[in-house]
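Shown next, in structure tokens, is the structure this report addresses.
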2 protein chains.
Amino acid sequence: MPGPSAAVPDATVERLPLYHQVLADLAREGETTVSSVRLAELAGVNAAKVRKDLSFLGSYGTRGVGYDVEFLMLQVQRTLGLTGDARVVIVGFGNLGQALANYGGFGERGFPVTAIVDADPDKIGTQVPRSDANGESATERVVVEHVERLAEVVRDHKITVGVIATPQHAAQAAADALVAAGIQSILSFAPVVLDVPESVPWRKVDLATELQILSFYQARSGSLQHPA
Amino acid sequence: MPGPSAAVPDATVERLPLYHQVLADLAREGETTVSSVRLAELAGVNAAKVRKDLSFLGSYGTRGVGYDVEFLMLQVQRTLGLTGDARVVIVGFGNLGQALANYGGFGERGFPVTAIVDADPDKIGTQVPRSDANGESATERVVVEHVERLAEVVRDHKITVGVIATPQHAAQAAADALVAAGIQSILSFAPVVLDVPESVPWRKVDLATELQILSFYQARSGSLQHPA
DNA sequence: TATTGCTTGTTCTCTTGTTCACAAACTCGC
DNA sequence: GCGAGTTTGTGAACAAGAGAACAAGCAATA
Ligand SMILES: NC(=O)c1ccc[n+]([C@@H]2O[C@H](COP(=O)([O-])OP(=O)(O)OC[C@H]3O[C@@H](n4cnc5c(N)ncnc54)[C@H](O)[C@@H]3O)[C@@H](O)[C@H]2O)c1
Ligand SMILES: NC(=O)c1ccc[n+]([C@@H]2O[C@H](COP(=O)([O-])OP(=O)(O)OC[C@H]3O[C@@H](n4cnc5c(N)ncnc54)[C@H](O)[C@@H]3O)[C@@H](O)[C@H]2O)c1
């Protein structure tokens, strides 16, 4: 009996959001159950891998039938620690920061953008429509505040996630400020390796990196399967 | 003698862009050589791993000294197939598409945004300043064209990379159009699994996925090292 | 209740990736 | 030219992950 809280391998953790997304699509289409084979097809992975991954969450399938879509979604959420909303602050309201702020997909997926800060006085006060998980309340707005007020803002709004969308040279300072403000995890778009305490998990999304990896597989075109 | 063109493991390929970025930073600071230990520090990985990774490119270090920064950068580029510029077309000129188009970092890193297409007639004709690898020629512009002209545009500008920044429901159609136009690799921001021929490598960048992975490690905070 | 058909959960094997540890090889100062 | 100090490149041990295969278990039907 492994129990639901046994260790989940890193490789599995990286795939759980993919399964979650596929399950959400299935639920939207009205499907109530799904087999590992179908789930694997839709997620583009091996079926045995799907079953093994899901077995780490507990034994929630029914032999001869498959998995209950809604219930499995809940188990994935529970395993990932997606309990309620995790509020997000965006640091840097430039090209990318504005795109992120205007993007409704965050709130829909449980990560509402609750605050935005920038260092540029001209940007302070700009208003952005806010979309929470429960529909869009058109009247609610997020106002861009000065980065110096970061700690205050994080505390007042109980924000736990920081997104860095500043230029590269300001990214480490932004990370330091976020850590000092008590943020619990960081997603950065700046192409630099951040120096943060081990207790603060962080990930980097770098488009040039992705394109460079693609470049390699393109050069080897046909001879290798893409590893996404 | 493994030779420079022996197989490079997937895990290594995924790290090469990181090394490349660190090396570029070092070169900018005027450093001419670097040891595996220092490179590992800056990249946030194990030094032995760095040496093993680099050994797949060939034997380019000097014992007792380290690696020549400029030369190693060239070797990484060669291995990744970064020969000259790989021109990019962006499909979808919305929030994200505009941010990407206005972002100079692409061109600087060898992936100039050479064309943009959208399905919305209102967006056709919009001009975006273009930044090539060699400085910014303020007069050059990229004009948003209709998505129906995609094949033509791709052919005329010798574009090899497609970036999908359309809404989720249009992503597969965009992918199909890109493949039909003869694109060689695809980077998608839509949170869906694309169905493309095996000969076209593709990768997905999904922010919600990243945040969900962070959520897991945050819940296990302190007990686990982030795996980025 | 027995039988049939299907799908999970898990075991086992193979492959890939990581890390340690150290000989080989190079530089530099003397 | 030699010795001291450094750093690479790689063999070997170890860990993690992938995938095939199949027994166990459930549903449905008769
Ligand atoms: N725009 C893109 O499509 C894109 C793509 C890939 C990566 N990136 C990366 O994302 C980051 C942002 O890109 P961008 O195009 O939005 O840049 P940008 O210059 O348009 O915006 C940066 C914003 O950060 C603000 N800022 C600067 N220093 C700050 C600080 N110390 N604290 C708070 N705010 C600060 C600036 O005032 C500005 O509003 C960069 O690191 C870039 O490399 C962007
Ligand atoms: N904006 C963000 O910060 C962000 C973050 C994460 C993911 N995404 C994803 O990126 C994608 C784009 O997001 P967005 O906020 O820019 O959306 P958006 O609605 O602002 O822009 C989408 C654009 O695509 C165009 N389009 C629609 N159908 C098309 C088609 N068939 N061919 C060509 N163009 C078409 C639309 O006209 C529009 O201009 C979405 O899939 C979204 O989930 C966006």
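Below, chains carry the letters A, B, ... as their sequence lines are ordered, and counting in each starts from 1.
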Legend entry - Distance in angstrom units between A:Phe56 CZ and C:dT8 P, rounded: 16 Å
Legend entry - Interatomic distance, B:Asp10 CG vs C:dT18 P [rounded to whole Å]: 11 Å
Legend entry - Within 6.0 angstrom of B:Arg15 CZ, more than 12 heavy atoms from elsewhere: yes
Legend entry - Residue whose nearest DNA chain D nucleotide is more 5′ - A:Arg15 or A:Thr62: A:Arg15
Inset, instruction - Calculate the interatomic distance between B:Lys52 atom NZ and C:dA21 atom P; express it in whole Å. - result: 14 Å
Legend entry - Side-chain donor or acceptor of A:Thr12 paired with backbone N/O of A:Val8 under 3.5 Å: no
Inset, instruction - State which of C:dA21, D:dT7, C:dT8 makes the closest approach to the side chain of A:Ser36. - result: C:dT8
Inset, instruction - Taking only Lys NZ, Arg NE, NH1 and NH2, and the carboxylate oxygens of Asp or Glu, determine whether A:Asp206 and B:Arg109 approach each other closer than 4.0 Å. - result: yes
Inset, instruction - For B:Tyr60 and C:dA25, give me the distance from atom OH to atom P, rounded to whole Å. - result: 18 Å
Inset, instruction - Run the ring-centre check on B:Phe71 versus B:Tyr60 and record whether the distance is less than 6.0 Å. - result: yes
Inset, instruction - Step through the shown structure and confirm whether more than 12 heavy atoms of other residues, nucleotides or ligands are within 6.0 Å of CD on B:Glu70. - result: no
Legend entry - hbond_proxy B:Arg63 side chain to D:dT8 base (donor-acceptor, 3.5 Å cutoff): yes
Inset, instruction - Figure out the CG/P separation between B:Leu54 and D:dT10, and round it to whole Å. - result: 12 Å
Inset, instruction - Round to a whole Å and report the spacing from CG of A:Leu72 to C1' of C:dG9. - result: 14 Å
Legend entry - A:Phe216 CZ to B:Glu14 CD distance, which is reported to the nearest 0.5 Å: 10.5 Å
Legend entry - Nearest-nucleotide comparison on DNA chain D, the residue closer to the 5′ end among A:Gly64 and A:Arg51: A:Arg51
Legend entry - Whichever of A:Val65 and B:Val65 has its nearest DNA chain C nucleotide further upstream toward 5': A:Val65
Legend entry - Short side-chain N/O contact to D:dG9 OP1/OP2 from B:Ser59, under 4.0 Å: yes
Legend entry - Chi angles and distances behind the side-chain hydrogen bond (donor to acceptor under 3.5 Å, both in side chains) call for A:Gln172, A:Asp176: CA-CA 6 Å; A:Gln172 182 60 52; A:Asp176 293 344; 2.8 Å; yes
Legend entry - Per B:Ser55 side chain, nearest of listed nucleotides D:dT8, D:dG17, D:dT10: D:dT10
Legend entry - Phosphate OP1/OP2 of C:dC26: any B:Tyr67 side-chain N/O under 4.0 Å: no
Legend entry - Nucleic acid contacts - residues 38-50 of chain A versus DNA chain D, non-hydrogen atoms under 4.0 Å: A:Asn46, A:Ala48, A:Lys49
